[in-house]
Structure formats: C-alpha cells, structure tokens
Amino acid sequence: HLGVAQPAQHRGHGFLRLTVQRADRSEVQPVQAVKIGHTQQAQQLAAWLEPHAPKHGGVHFIAGVAALQLQRLPFAIEHLRKATLCSPDREDYFAQYARALAMGGLQREALAMADAAVGLANDTDAVPWDTLGVVYSLGNLHRQAADAFRRAVERAPGSANLRFNLATS
C-alpha cells in the first residue's frame, strides 16, 4: 500500500480520491480523469504517483497526454519518452510520443516514433492509428497517413471523425 492522494478540487468526484495498492493499478484513476476532461487533475495525480512508480509506463503516459492537452509540450515530450522506455511494447505510447514530437516541430524524430508504433501495432484500437495518420500528415507522408487513417476507420467504421480524416488525407 503506497498511500492516498487527495488533490483538493472538484469535491465529490471519485477519481480525485486515489488509493494506490500496486503500481500496475495506479493509472486507472488518472485515466478516468483524462477521459472526462479533467486534465489538470490527471496531471496532478500522475505527478503524485511518479515517485512511487517511476518505471511505470502508464503513469508517464497519463502525465504526457495530460500535458499535451494542457499545451505543456516539453513536459509532454519528456513523459511520453519515459512511457515508451518503460513500456517498449505499447504502440499507443509511441503514437502519442510521435504526436508530441510533431507538435514540437521535431518532424524527423516524430516520424521515427510513428514508424516504431506501426511496427508494434497489431490489433490496436482506432485511436493510435488516427494519431499516426495525423503525424504522417504533418510530415507530408500522405500515403502513410492515408493508410493509418484507413486502419483507424477499419477499427471504428461508425466514426464520422475518422472517416473525415481518411477522406481529407
């Protein structure tokens, strides 16, 4: 048992009270915070968890994604880099790291991470493929972008946003 984190905001939201028993479960609460748009709280939770689980890729991933959403690019790049190092088999981590690098204008590095994600991807969900499509588009690799967007649509055929991205790639 590592302890309890209680960031003081938004009373009544269960995701703000976090009991960490094992590092492999520690990312669940911050993930929920990111999904419902509470990125500041997710980042706070991940920052609290990091000293307790410094080699947990999920903690770094949540911190990085939250930082991306909060436009804290250097912080996002650093945490997403750590996420890929801690969990080198997670294509979704590589895809988001590639996105952060592309947003930071580091196109060569972003495309290398995108290629790494593609090499890892098997039956991944639509989100990493959509992210990779955006990265390839930013790098002017339109054939690869269209392929990534096509794979995203295959995994979520009912998504209008994914179909739009494919149609405009």
Side-chain angles (χ1 to χ4, degrees), residues 23 26-27 30-156 159 161-169:
S26 62
E27 70 182 283
V31 168
Q32 292 169 345
V34 167
K35 285 183 178 180
I36 63 172
H38 293 278
T39 52
Q40 186 70 39
Q41 288 81 9
Q43 193 172 46
Q44 290 170 353
L45 289 169
W48 181 85
L49 288 170
E50 185 182 1
H52 302 290
K55 295 185 181 195
H56 191 282
V59 171
H60 291 292
F61 180 72
I62 292 302
V65 169
L68 266 179
Q69 292 177 1
L70 294 168
Q71 301 295 313
R72 297 178 179 159
L73 207 48
F75 189 81
I77 289 171
E78 179 60 19
H79 277 282
L80 291 167
R81 181 188 68 79
K82 288 179 181 179
T84 62
L85 293 174
C86 294
S87 302
D89 59 338
R90 295 288 305 261
E91 72 274 358
D92 51 337
Y93 293 9
F94 279 85
Q96 288 298 325
Y97 183 33
R99 177 177 162 224
L101 291 167
M103 289 173 66
L106 303 167
Q107 292 303 324
R108 190 176 76 241
E109 295 89 342
L111 294 172
M113 289 301 112
D115 290 343
V118 168
L120 292 171
N122 292 315
D123 283 333
T124 190
D125 67 22
V127 174
W129 285 113
D130 186 53
T131 302
L132 293 170
V134 170
V135 172
Y136 284 128
S137 291
L138 291 171
N140 291 318
L141 296 177
H142 300 290
R143 185 179 53 77
Q144 289 93 325
D147 183 56
F149 288 135
R150 180 187 52 76
R151 291 181 187 208
V153 168
E154 287 171 358
R155 283 152 179 82
S159 171
N161 289 337
L162 297 178
R163 289 190 174 282
F164 176 81
N165 288 346
L166 176 59
T168 58
S169 66

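The figures that follow rest on heavy atoms only: side chains count, while hydrogens, waters and symmetry mates do not. Sequential numbering from 1 along the given sequence is applied to the chain's residues.
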Return the [atom1] to [atom2] distance between [X] and [Y], rounded to the nearest 0.5 Å.
X: Leu111; Y: Gln144; atom1: CG; atom2: CD; answer: 8.5 Å
X: Thr131; Y: Phe149; atom1: OG1; atom2: CZ; answer: 9.0 Å
X: Leu106; Y: Ile77; atom1: CG; atom2: CD1; answer: 5.5 Å
X: Lys82; Y: Lys55; atom1: NZ; atom2: NZ; answer: 11.5 Å
X: Ile62; Y: Leu80; atom1: CD1; atom2: CG; answer: 9.5 Å
X: Leu138; Y: Leu101; atom1: CG; atom2: CG; answer: 11.5 Å

Looking at every heavy atom in both [X] and [Y], which two are closest together, and how far apart are they?
X: Ala126; Y: Ala152; value: CB-O, 3.5 Å
X: Ala116; Y: Phe94; value: CB-CD2, 3.8 Å
X: Ala146; Y: Leu166; value: O-CD1, 3.5 Å
X: His60; Y: Cys86; value: CD2-SG, 4.1 Å
X: Ala114; Y: Val135; value: CB-CG1, 3.9 Å
X: Ala145; Y: Gly133; value: CB-O, 3.5 Å

Take Leu70 and Phe75, measure what side-chain contact (heavy atoms from CB on, under 4.5 Å) needs, and give me the verdict at the end.
CA-CA 10 Å; Leu70 294 168; Phe75 189 81; over 6 Å; no

Let me see the working for His142 and Ser169 under side-chain contact (heavy atoms from CB on, under 4.5 Å), right down to the final yes or no.
CA-CA 6 Å; His142 300 290; Ser169 66; 5.9 Å; no

Between Arg155 and Arg151 (side chain of the first, backbone of the second, donor and acceptor by atom type, cut-off under 3.5 Å), is there such a pair?
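Flag set: sc Arg155 to bb Arg151 pair under 3.5 Å.
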
I'd like to know if the side chain of Ser87 reaches the main chain of Thr84, judged simply by a donor and an acceptor atom lying under 3.5 Å from each other, with no hydrogens or angles considered.
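Between the backbone of Thr84 and the side chain of Ser87 there is no qualifying donor-acceptor contact (under 3.5 Å).
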
Residue of the set Met113, Glu109, Arg90 for which side-chain contact (heavy atoms from CB on, under 4.5 Å) holds with Tyr97
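Exactly one pass, corresponding to Met113.
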
Evaluate Leu68 against Met103 for side-chain contact (heavy atoms from CB on, under 4.5 Å), listing each step before the verdict.
CA-CA 9 Å; Leu68 266 179; Met103 289 173 66; 3.6 Å; yes

Got a sec, which residues hit salt bridge (charged side-chain N to carboxylate O under 4.0 Å, His left out) with Arg150, two or more places apart in sequence or on another chain?
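Partners of Arg150 under the salt bridge (charged side-chain N to carboxylate O under 4.0 Å, His left out) test: Asp147, Glu154.
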
Any chance you could lay out the side-chain contact (heavy atoms from CB on, under 4.5 Å) test for Gln96 and Phe61, step after step, and finish with the verdict?
CA-CA 8 Å; Gln96 288 298 325; Phe61 180 72; 3.6 Å; yes

